[in-house]
Number of protein chains: 4
Amino acid sequence: MKTKEDVVQEFRIQSIQDATMRVIARKGMSAATMQEIADEAGVAKGTIYLYFRDRDELVEKTFDTAIRHLMARIDAALEMNVGFEEKIRAAMAAKVAFFSENREFFRLYISLRIPEGTPERQRRQKKTCQPQYRTSAQKLATVLEQAMEAGEIRRLDPWKLAMFIIEGSTAIILERLTQDSPGEEAADVDLIVSMILDGVRKRS
Amino acid sequence: MKTKEDVVQEFRIQSIQDATMRVIARKGMSAATMQEIADEAGVAKGTIYLYFRDRDELVEKTFDTAIRHLMARIDAALEMNVGFEEKIRAAMAAKVAFFSENREFFRLYISLRIPEGTPERQRRQKKTCQPQYRTSAQKLATVLEQAMEAGEIRRLDPWKLAMFIIEGSTAIILERLTQDSPGEEAADVDLIVSMILDGVRKRS
Amino acid sequence: MKTKEDVVQEFRIQSIQDATMRVIARKGMSAATMQEIADEAGVAKGTIYLYFRDRDELVEKTFDTAIRHLMARIDAALEMNVGFEEKIRAAMAAKVAFFSENREFFRLYISLRIPEGTPERQRRQKKTCQPQYRTSAQKLATVLEQAMEAGEIRRLDPWKLAMFIIEGSTAIILERLTQDSPGEEAADVDLIVSMILDGVRKRS
Amino acid sequence: MKTKEDVVQEFRIQSIQDATMRVIARKGMSAATMQEIADEAGVAKGTIYLYFRDRDELVEKTFDTAIRHLMARIDAALEMNVGFEEKIRAAMAAKVAFFSENREFFRLYISLRIPEGTPERQRRQKKTCQPQYRTSAQKLATVLEQAMEAGEIRRLDPWKLAMFIIEGSTAIILERLTQDSPGEEAADVDLIVSMILDGVRKRS
DNA sequence: CATGAATGAGAATTCATTCAT
DNA sequence: AATGAATGAATTCTCATTCAT
């Protein structure tokens, strides 16, 4: 059972992670200082270190928490018992919606795709953040593979296909987020799904 | 006429930019220090400042030089007097080939897509680096638009389409670069083009 | 009410400013490094930046604090309700005494009379330090003017007179400070006052 | 006999010293860089080192050359075969005139009065620049002493008197130089001499 | 637990000086 | 002799991390 302490603790952790995301969204990964994150979270700098070993861990865990939410939604979509097209549409809709609701996460999401810093730090980041991307992509690749076997889609390298779809859709989402009036989510989802399924070619 | 000094100067600038690209490729944008760049280039720290006002200018100019080469190749492909499919194929082949030859550039390319740091720096980076991406994307968007008008491809938002294509293909290239034995370039180009033109759907 | 933190903070600020003055007294304005000041104050380099934005502010505030003390003493003398001669004597005695007690301040006092460095820094220094000199001189000039109107002294340009008196007396104080055994303060005060009032000419 | 080379050499040295003085006048002692001095002189940085061992020597020699001119003029005045009052008036007139003609020298003159930097540098500066000040002051002190013995002026410490006169007059000259329209030189000379001779006191 | 003052390693940048041409 | 590109020591300032209160 959760004690009151546990609740307070979880709340603290969540506040700090939220603050981290907001600051990174504002300043970018490398310009986000512990001081600014602490201020944003309304706690003292030292407090952060009670819950996170160091800056790297803070960033990683923040990333991890957020991407789990994203993946949960996308997974739910991909695990629906429907045809491939519906799955993809649902997954893309989930992704677009998630980033609409969590604009702050986008910067972090982009920043951690490629590890930075000393070899040591790169290794560490690779160990904690890359798997998330990989798992995420892997799930999509599996769905693609199943669809191929079911004869619903063409036989192509499922992993590369997944990467293509993920980054292509991410680009359109980035475009949404940087626009002042992004327009209907549905329209972008349609575009993404349409591109994935049929490409650009005109057919009679 | 180029004097000997001009040649030496150009060579220095090139060496330093190359070193910059290698270090950024290794450590990432924010972890690339002037000292390490200098060491990599085989010059003293101070020497870099003879050719570049400050770190930001060094990075920008390095980026600028490299992306001009990339764009020149892609532009040449897109300006060929052939059908849309050939253009796209040539452009994607050019992109894949360029990054195969300039693996180091990739990190830099990815890093500068989203400005970082203080507001002042973000503004500066936006002014010098973003236009390059935009121009690059705009050119593709224009080609897409023309193809739409020519009835070669479907009518869709050309700008978003361009972003989708650029990032989707970038993802596959990133995949190539991180693999030990990336396989044939042609195969990846085929995959990219195939996805762009026809998407994943199977057709009888 | 002063909290304990306020006291500690004031103490820190005072220690750092004292150290600054000592180092400048030893090495001169431009050779006084943050590192040496920190060492002298017995704190880390970074600590100084907790209390002062940058080196310029440290120097300015240090100067400001010290000169306020000096001016307070001189002002008190000049505002006494006595004749001109007594005022001048008291003011000069105060000045001599102050610099005897604050030998370290002298270098700083001399250095900031004329702004140095980049135009930006010169402007800044002019804005913060010059007014102190000016105000100080202006007060003396006013006293001189009043004495002229009261018929106590001759009619001469009061501002230039003030400058003459200030720098002339400063010269004698500098002489005191560089000597190993400076002799009686009173003797120097007498000399200064005598010069100011009667000049060198012999009278029967 | 002077060879053509000697002439060229002297000219070079003079140009560099003039440039040094102008740059120091503009930026102040510590902000005057070798590069800016070289640019101002129209020579390459390296050239300066053909004529001066290092920056310190350049500054010292520049100072030395200029102050010799100043002292020559003042000495000439003080060695005239006239009464004390005329000597002093002539000397002060010479000083005011000199700084009017050599405004650039003023900054340097002020800067070197008190040695700066590492102990080593301070020692060196003391050895080369202080004697000039001292000699200059000593000469005045001697004249004062003679006047005392001749019964022309009161018996006071001649050295301190000299310092008082020198700095007091310097203050008025500084005032002249910082004003846009400094007014008649003669008026300032009168003021200085009047102060020196008679002080401020009104006499019936 | 929470705090935030203190720390000091590390980064960018400057500039006197050297030396090959 | 003159040059100015190259050097690297020295300086300022930042910021993740620690620890006494």
Side-chain angles (χ1 to χ4, degrees), chain A residues 5 8-9 12 30-39 41-59 118, chain B residues 4-5 8-9 12 16 30-39 41-58 118, chain C residues 4-5 8-9 11-12 16 30-39 41-58 118, chain D residues 5 8-9 12 16 30-39 41-59 118:
Chain A
E5 280 72 35
V8 170
Q9 181 145 332
R12 267 282 142 88
S30 63
T33 68
M34 295 301 272
Q35 184 62 66
E36 191 167 356
I37 290 169
D39 291 347
V43 300
K45 235 184 323 177
T47 306
I48 299 178
Y49 288 87
L50 296 175
Y51 300 101
F52 304 92
R53 181 204 302 282
D54 56 20
R55 189 184 184 280
D56 286 348
E57 192 184 289
L58 168 61
V59 171
T118 62
Chain B
K4 196 176 51 162
E5 280 75 35
V8 170
Q9 178 144 333
R12 264 288 138 89
I16 293 171
S30 61
T33 69
M34 295 302 275
Q35 183 62 66
E36 190 166 358
I37 291 169
D39 292 347
V43 300
K45 232 178 330 165
T47 304
I48 299 178
Y49 289 88
L50 295 176
Y51 299 100
F52 303 93
R53 182 196 302 283
D54 55 21
R55 189 183 183 282
D56 286 347
E57 192 184 288
L58 169 61
T118 63
Chain C
K4 196 177 52 164
E5 281 74 36
V8 170
Q9 178 145 333
F11 172 74
R12 264 286 137 89
I16 293 171
S30 61
T33 70
M34 294 303 274
Q35 184 63 65
E36 190 166 358
I37 290 169
D39 292 347
V43 299
K45 228 181 334 166
T47 305
I48 299 178
Y49 289 89
L50 295 177
Y51 299 99
F52 303 92
R53 183 197 301 284
D54 55 20
R55 189 184 183 282
D56 285 348
E57 191 183 290
L58 169 61
T118 62
Chain D
E5 281 72 35
V8 169
Q9 181 144 332
R12 268 282 141 90
I16 293 171
S30 63
T33 68
M34 294 301 273
Q35 185 61 67
E36 192 167 355
I37 291 169
D39 291 348
V43 301
K45 234 183 324 176
T47 305
I48 299 178
Y49 288 86
L50 296 176
Y51 299 101
F52 303 92
R53 180 204 302 283
D54 56 20
R55 188 183 184 280
D56 285 347
E57 192 184 289
L58 168 61
V59 170
T118 62

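In the text below, chain A, chain B and the rest are named by the order of the sequence lines, each starting its count at 1.
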In the 5'-to-3' direction, what one-character label does each nucleotide of nucleotides 13-21 of chain E receive under the scheme B = base within less than 4.0 Å of a protein heavy atom, S = sugar-phosphate only, - = no such atom?
-> BBSSBB---
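The side chain to side chain contact (heavy atoms under 4.5 Å, CB included) search around A:Ala31 returns A:Lys27, not counting sequence neighbours. For A:Gln35, the side-chain hydrogen bond (donor to acceptor under 3.5 Å, both in side chains) partners are A:Asp39, A:Lys45, not counting sequence neighbours. Listed by chain and residue number, D:Met29, D:Ala32, D:Met34, D:Val59 satisfy the side chain to side chain contact (heavy atoms under 4.5 Å, CB included) test with D:Arg55 (two or more places apart in sequence, or in another chain). Residues passing the side-chain hydrogen bond (donor to acceptor under 3.5 Å, both in side chains) test with D:Glu57 are D:Lys61, sequence neighbours excluded. Legend: residues meeting side-chain hydrogen bond (donor to acceptor under 3.5 Å, both in side chains) with C:Ser30, ordered by chain and number and at least two apart, are D:Glu116.
Summarising the geometry, the separation between CD1 on A:Ile37 and P on F:dC15 is reported as 12 Å, rounded to the nearest angstrom. When the P atom of F:dA9 is taken as reference, atom CD of C:Glu36 falls 20 Å away, rounded to whole Å. In this structure, the CD1 atom of B:Ile48 is 13 Å from the C1' atom of F:dG8, given to the nearest Å. Taking atom CG of A:Asp39 as the reference point, atom P of E:dT3 lies 12 Å away to the nearest angstrom.
Taking every heavy atom of both residues into account, C:Ile16 and C:Tyr51 meet most closely at CD1-CD1, 3.9 Å. Between B:Tyr49 and B:Asp54, the shortest heavy-atom distance links the atoms CE2-CA, 4.0 Å.
The A:Gln9 side chain lies nearest to E:dC1 when the options are F:dA5, F:dT3, E:dC1. Closest to the D:Leu50 side chain, of the nucleotides F:dT3, F:dA5, E:dA2, is F:dT3.
Residue D:Phe52 is classed as having no contact, given no heavy-atom separation below 4.0 Å to the nucleic acid. Counting non-hydrogen atoms under 4.0 angstrom, C:Val43 reaches the backbone sugars and phosphates but no base.
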Secondary-structure string, 5' to 3', Watson-Crick or G-U under 3.5 Å, | for another-strand partners, for DNA chain E | .||||||||||||||||||||
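In this structure, CZ in C:Arg12 is found 6.5 Å from OG1 in C:Thr47, a value given to the nearest 0.5 Å.
Taking side-chain N and O atoms only, B:Arg12 has a distance below 4.0 Å to OP1 or OP2 of F:dA6.
Heavy-atom distances to DNA chain E give each of A:Ala44 and C:Val8 a nearest nucleotide, and the one nearer the 5′ end belongs to A:Ala44.
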